[in-house]
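Here is the structure we will look at.
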Amino acid sequence: MAGYDSQAIEAKWQRIWQEQHAFDAVNGDTSRPKYYLLEMLPYPSGTLHMGHMRNYTIGDAVARYKRMCGYNVLHPIGWDAFGLPAENAAIKRGIPPREWTNANIEQMKAVCRRFGFSYDWRREISTCEPEYYRWNQWFFLRMLERGLAYRKQSRVNWCPECKTVLANEQVIDGFCWQHENTPVESKEIEQWFLRITQYADALLDGIAELAGGWPDRVLVMQQNWIGKSRGARVRFAISGMTTSPIEVFTTRVDTVYGVSAVLLSASHAALPELLAGIPGSSGMEKQVKAMQSRSVKAADVATAEKEGFFTGRFALNPFSGERVPIWVANFVLAEYGTGAVMCVPAHDQRDFEFAKKYNLPVKVVIQPLHGGPLRADRMSEASTEYGRLVDSGQYTDLTSEQAIEKMAGDAAEGGFGKGETTYRLKDWGISRQRYWGTPIPVIYCKNDGIIGVPDNQLPVRLPEGAKLTGQGQSPLANVPEFVNTICPKCGGAAERETDTMDTFMDSSWYFYRYTDPHNDQAPFSKANAAYWFPIDQYIGGVEHAILHLIYSRFFCKVMNDMRLVDHREPVKRLFSQGMVLKDGVKMSKSKGNLVGAIEMADKYGCDTGRLYTLFAAPPEKDLEWSEQGIEGAARFLNRVYRLIEKHAGSVRGIAVDWNARIAFGDASAKEKLLIRKTHQTLKRVTNDFEGRWHFNTSIALVMELVNEIHAQEPLDQGVSPAILKQVLGITALMLYPMTPHIAEELWEMLGNPRTISQEKWPAYREDLTREEQIEVIIQINGRLRGKILVDEDLAEDETKEQAQGDARIAALIAGKKIVKVVVVPKKLVNIVLQ
RNA sequence: GCGGAAGUGGCGGAAUUGGCAGACGCGCCAGCCUUAGGAGCUGGUGGCCGAAAGGCCGUAGGGGUUCGAGUCCCUUCUUCCGCACCA
């Protein structure tokens, strides 16, 4: 497409900004307010696609706006460089993970530079470098000292064919991704965990602090994820056995008289003992094994057909004394509550379905407060509402709320239970049986047991050249020079931990490193973190609403306890941007629908790409990519370029005092119109930057302004060059955060000596935005019937009078009875007729 | 299954507080300009009726509140995202 020379202009201004060090953030500068603006660090998958570009374009627009507003802006970038795809590439193509990763980083960096994002490149980090990951190890050791890191048995996906642990991503509908006929099993192994549950309440409390700055939906999701619930433990003795009773956890102890069975998870500790001596128990053990060895993916578990079997044992309901069967059920989670639940079919949907399948009785014990009485024989689904208790012994007629309290108290008194608070949140398993991650800095010694690697031996370096096959145990276990070491305590032979860390460790604190990226004494200096934190604005995809953003908050709280930082929340404001879709689905490598950023920049120029991504949808919503839409963006930039190019010559030499007061009094009608439109646009664009970030409407407004300027041609008649220069100059300034290269070029063409990067954001003037008369709409019975122009300060009853006096309105209401007239000043008159 | 969102023209979207539905852009139609057009300029463009003036209908479906509802309430449906080892 013919038009302005985007390639030359973009290269030129990128060079000039670099020479000016325009985007360098200054540590500890107290002469101006600081602003820490952060976009989520990318995984270097190879191509930077439009999803990334959208994230960075939004951030860059805000960074440039904030600099113009006088802030010392920290706007860094780095690479989340460890992870599974690098390892897969190594297995598939024989390229070492480091080589693959670094090549991708170089490629993506080039794209970032090509798009002119205003990063402080001096602070770039890459998490796979020992200078970075040694501090992952350091944090792990601090947590180990504090009892926050510990080992326990836990289930992982296991492919019997590869003989290796599978990530959830590698489990496709319960089958191995490499062997589509091999069902995935699960296997229990010993792994490292971080005690995030110890911070469950702190994480919940922090949510109040974040309200207003974070999207509500993210806070709600986090709250539900932590899932604090008040409930009760109730112990059911086992009929005919002296072994310890089965403890169930329930949030609905008020339904305990409706229990039809006790359900155990297949991994329940008491199960082997219960089954011992029961006829047919060997068949049951097989079923238990089958239930245990299935994909551990939550979605797989939750959507699986409900299955179970009767153990042959019975339990005694401590409230009613009733004997109920003990079953094993596949939908009971071993990790949540006590791994056992009471089955109340009438008042829990899962129990209802289970009871229908296996013919367990349905007993109604709660009658809802509204609607007709429930009858067990007519129910087609469970009734989970609170209500009033029936058939519940001494508790009958209490409300659910009353019963929950009283029953928990009575259970405690009777020694068969107690009220309890539980969380859905689980401890964070960080062990990965993989190569391309941070080695867990632990040594196992026969004499001294589990020992953290001493700080002065950090980093524990990841050995280069480990053999990667995608089969068998952790790759590091096959590197003897890594495994075999010396015990730091006794000096005897010892072995290193061969698992690596979850990459979420890397991304849980990386934003502190940006404040002090080259520190080799500590992860960061306290002073630098204190100056820059909390992050003023974090921008990223909503897919990170839970995991990354909870882990980061957890890290911050631990760091606060360690007195590394004084704040308890790392991120003041969060913005969740929408995804980029192509043909209705998420743009991703696996779907093969990527639009390459470089190709787009070569064809249209990066400013066009930036403009389009901001214009096509508000940033929090999903964006549907359209090739035609981008041509529209290119067209607009060309139009602005031609417009300013045409008039630059006549205004270039004019000196403009940007703060001078313009008097409407001596202005021509054309000038008034242009000045008013300019300041109206500036006001609304400023408000968009300060508020909702709806850059799509900001751009629409600038488009309208440009259309209006164009409509006022010839501009050398009736418009003074000084005013024209102001109007065109403000247009360029407004475009700068979104399309910085062309904006700088236009600004220079207009004869301004300094770059926009050195300029201030122009302040709109309220008095210049006002219209002389305002339009009031007239409705009859709520339907639009006319419009009148009135003075702004017209009184309410006069507005009413003028409206009724309008010829067309008068004709419409003649002879009808007016019931009421609603007047909204400066907006509308609604005449209600009978 | 649990948790979180979203449904407005042919398309992306606009309508910050309950007050002109469809700004702006894409596409399409007509005209101008041009050697040419995948360039530029001008005008039109939700549906139905009408020559026009104008009227009626219209924001996923159904119900409600209100002088007035895309916006608030109830309900149904559909789509998308997350679910702890993808990052």
Side-chain angles (χ1 to χ4, degrees), chain A residues 1-3 40-43 45 80 82-85 156-157 165-171 191 215-218 220-221 223-225 227 296-299 301-304 306 331 335 349-350 353 424-434 502-504 507 541-548 550-551 578-579 581 584-586 590 612 615-618 620-633 635-636 638-639 642 684 687-688 691-692 694 696-697 699-704 707 710 775 777-784 787 819-822 824 827-828 830-833:
Chain A
M1 188 185 294
M40 289 180 184
L41 93 169
Y43 178 77
S45 58
D80 189 12
F82 275 138
L84 198 54
V156 291
N157 297 309
V165 175
L166 296 182
N168 276 342
E169 193 192 41
Q170 300 170 320
V171 178
Q191 306 203 76
D216 286 339
R217 58 166 192 236
V218 173
V220 169
M221 279 192 257
Q223 191 162 335
N224 291 336
W225 186 258
V296 298
K297 239 164 138 169
V301 175
T303 52
K306 291 189 177 45
F331 64 94
E335 319 81 49
Q349 187 57 28
R350 290 162 301 180
E353 286 166 26
R424 211 185 70 101
L425 182 70
K426 295 185 292 193
D427 277 339
W428 174 12
I430 58 155
S431 295
R432 297 290 181 271
Q433 296 68 45
R434 303 193 191 289
D502 180 5
T503 56
F504 274 118
S507 56
V542 71
E543 65 270 23
H544 299 286
I546 311 272
L547 295 178
H548 163 59
I550 282 199
Y551 294 145
M579 293 177 303
L581 310 177
V585 294
K586 184 172 174 173
S590 55
Y612 173 71
F615 180 60
E620 74 276 8
K621 281 218 198 164
D622 291 348
L623 183 155
E624 173 70 37
W625 187 260
S626 134
E627 197 69 24
Q628 286 165 338
I630 202 159
E631 297 200 354
R635 229 159 11 221
F636 168 68
N638 278 321
R639 213 157 57 229
R642 282 198 308 269
R684 294 181 58 187
N687 289 344
D688 262 338
R692 305 189 299 166
H694 277 200
N696 55 329
T697 54
I699 293 164
L701 288 164
V702 177
M703 285 174 169
E704 280 189 66
N707 290 346
H710 183 79
E775 196 179 62
I777 61 159
I778 308 167
Q779 298 178 327
I780 293 176
N781 290 341
R783 309 182 74 98
L784 178 70
K787 294 173 184 182
V819 180
K820 182 177 181 184
V821 179
V822 181
V824 182
K827 228 170 220 167
L828 68 81
N830 187 13
I831 302 165
V832 185
L833 299 179

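Every chain is numbered from 1, with letters handed out A, B, ... down the list of sequences.
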When the P atoms of rG61(B) and rC11(B) are compared, how many Å lie between them, rounded to an integer?
15 Å
Which whole-number value in Å describes the distance from Leu166(A) CG to rA84(B) C1'?
17 Å
Spacing of CE belonging to Met221(A) relative to CG belonging to Asp216(A), to within rounding of 0.5 Å
10.5 Å
Can you tell me the base-pairing partner of rG18(B)? Count Watson-Crick or G-U wobble geometry only, both distances below 3.5 Å, and say none if there is no partner.
none
Contact class for Gln170(A) (heavy atom, under 4.0 Å): base, sugar-phosphate, or nothing?
nothing
Describe the nucleic acid contact of Ser507(A) in one word from base, sugar-phosphate, nothing, applying a heavy-atom distance below 4.0 Å.
nothing
Contact class for Phe636(A) (heavy atom, under 4.0 Å): base, sugar-phosphate, or nothing?
nothing
Quantified in whole Å, what is the C1' atom distance between nucleotide rG19(B) and nucleotide rG9(B)?
23 Å
Touch class at under 4.0 angstrom, heavy-atom based, for Val819(A) against every strand present
nothing
Can a donor-acceptor pair under 3.5 Å be found between the side-chain atoms of Glu543(A) and the base atoms of rC86(B)?
no
Checking all strands, does Gly429(A) fall into the base, sugar-phosphate, or nothing category for heavy-atom contacts under 4.0 angstrom?
sugar-phosphate
Base, sugar-phosphate alone, or nothing: which one does Val220(A) contact when heavy atoms must sit under 4.0 Å apart?
sugar-phosphate
Give one of base, sugar-phosphate or nothing for Arg432(A), where a contact means two heavy atoms less than 4.0 Å apart.
base
Atom-to-atom span, CH2 of Trp225(A) to P of rG3(B) - whole angstrom
13 Å
Between Asn781(A) and Val832(A), does a side chain to side chain contact (heavy atoms under 4.5 Å, CB included) hold up when you go through it step by step?
CA-CA 5 Å; Asn781(A) 290 341; Val832(A) 185; 3.7 Å; yes
Under 4.0 Å between any heavy atoms, over every strand shown, what does Ile699(A) touch: base, sugar-phosphate, or nothing? Just pick one.
nothing
Could you measure between the two P atoms, the one in rC49(B) and the one in rG63(B), and give it in whole Å?
26 Å
Rounded to the nearest 0.5 Å, the CH2 atom of Trp225(A) sits from the NZ atom of Lys426(A) at a distance of 7.5 Å
Can you measure from NE2 (His548(A)) to CE (Met40(A)) and round to the nearest 0.5 angstrom?
4.5 Å
5′-ward residue of the pair Asp216(A)/Val832(A) relative to RNA chain B
Asp216(A)
Distance between C1' atoms of rG70(B) and rU17(B) (Å, rounded)
15 Å
Chi class for rG58(B): syn within 90° of 0, otherwise anti:
anti
Using whole Å, report how far CZ of Arg635(A) lies from C1' of rA39(B).
10 Å
Between rU42(B) and rC48(B), how far is it from one C1' atom to the other, in whole Å?
29 Å
Position toward the 5' end of RNA chain B (nearest nucleotide), Gly632(A) or Tyr612(A)
Tyr612(A)
According to a strict under-4.0 Å criterion, is Arg217(A) in side-chain N/O contact with OP1 or OP2 of rA6(B)?
no
Quick one: label Asn781(A) by what it contacts on the DNA or RNA (base, sugar-phosphate, nothing), any heavy atom closer than 4.0 Å.
nothing
With heavy atoms under 4.0 Å as the rule, sort Arg639(A) into base, sugar-phosphate or nothing.
sugar-phosphate
Provide the Watson-Crick or G-U wobble partner of rA5(B), both distances under 3.5 Å; none if there is no partner.
rU79(B)
Which of these nucleotides, rA84(B), rC85(B), rG3(B), is closest to any side-chain atom of Gln191(A)?
rC85(B)
Phosphate contact (rC57(B) OP1 or OP2) by Arg783(A) side-chain N/O below 4.0 Å:
yes
Per atom distances to the Gln433(A) side chain, the nearest of rA87(B), rC85(B), rC81(B) is rC85(B)
Indicate, with a heavy-atom threshold strictly under 4.0 Å, whether Leu547(A) touches base, sugar-phosphate, or nothing.
base
Mind checking the P distance from rG10(B) to rC20(B)? Whole angstroms is fine.
22 Å
Once you apply the 3.5 Å cut-off to both distances, tell me the Watson-Crick or G-U wobble partner of rU71(B), or none.
none
Assigned partner base of rU65(B), Watson-Crick or wobble definition, under 3.5 Å
none
Between rG54(B) and rA6(B), how many Å separate the two P atoms, rounded to a whole number?
39 Å
First locate atom CD of Gln170(A), then atom CG of Asn157(A), and finally report the distance between them rounded to the nearest 0.5 Å.
9.0 Å
Taking the side chain from Asn696(A) and the backbone from Ala617(A), do they hold a donor-acceptor pair closer than 3.5 Å?
no
Closer than 3.5 angstrom, by distance alone: can the side chain of Asn830(A) be matched with the main-chain N or O of Gly782(A) as a donor-acceptor pair?
yes
Expressed as a whole number of angstroms, how long is the span from Lys787(A):NZ to rA21(B):C1'?
12 Å
Among rC85(B), rC41(B), rG4(B), which is the nearest nucleotide to the side chain of Asn224(A)?
rG4(B)
For Leu784(A) and rG58(B), what is the distance between atoms CG and P respectively, to the nearest whole Å?
16 Å
First locate atom CD of Gln191(A), then atom CG of Asp427(A), and finally report the distance between them rounded to the nearest 0.5 Å.
12.5 Å
Could you give the OH-to-P distance, from Tyr551(A) to rG82(B), as a whole number of Å?
15 Å
Carefully, step by step, assess Trp428(A) and Phe504(A) under the rule side chain to side chain contact (heavy atoms under 4.5 Å, CB included).
CA-CA 10 Å; Trp428(A) 174 12; Phe504(A) 274 118; 3.5 Å; yes
To the nearest angstrom, how far is Glu169(A) atom CD from rG82(B) atom P?
11 Å
Touch check for Arg424(A), heavy atoms < 4.0 angstrom, all strands: base, sugar-phosphate only, or nothing?
base
Spell out yes or no: do the side chain of Gln628(A) and the base of rC11(B) have one donor N/O and one acceptor N/O closer than 3.5 Å?
no
For His544(A), report the nucleic acid contact type (base, sugar-phosphate, nothing); a contact means any heavy atom under 4.0 Å.
base
For the CG atom of Leu425(A) and the CD1 atom of Ile546(A), what is their distance to the nearest 0.5 Å?
10.5 Å
Can you check the Met40(A) CE to rA87(B) P distance for me, whole Å?
15 Å
Counting Watson-Crick and G-U wobble pairs only, both distances under 3.5 Å, name the nucleotide matched with rA53(B), or none.
none
At 4.0 Å (heavy atoms only), tell me whether Gln223(A) reaches a base, stays on the sugar-phosphate, or touches nothing.
nothing
Considering only the C1' atoms, how many Å lie between rG27(B) and rG38(B), rounded to the nearest integer?
14 Å
In 5'-to-3' order, the base (B), backbone-only (S) or no-contact (-) status of each nucleotide in nucleotides 13-19 of chain B, using a 4.0 angstrom heavy-atom cut-off, is SSSS--B
Nucleotide opposite rG58(B) in a Watson-Crick or G-U pair, distances under 3.5 Å:
none
Return the nucleotide paired to rC32(B): Watson-Crick means purine N1 to pyrimidine N3 with N6-O4 or O6-N4, wobble means G-U with N1-O2 and O6-N3, both under 3.5 Å.
rG40(B)
For rG25(B), the nucleotide meeting Watson-Crick or G-U wobble distances (both under 3.5 Å) is rC11(B)
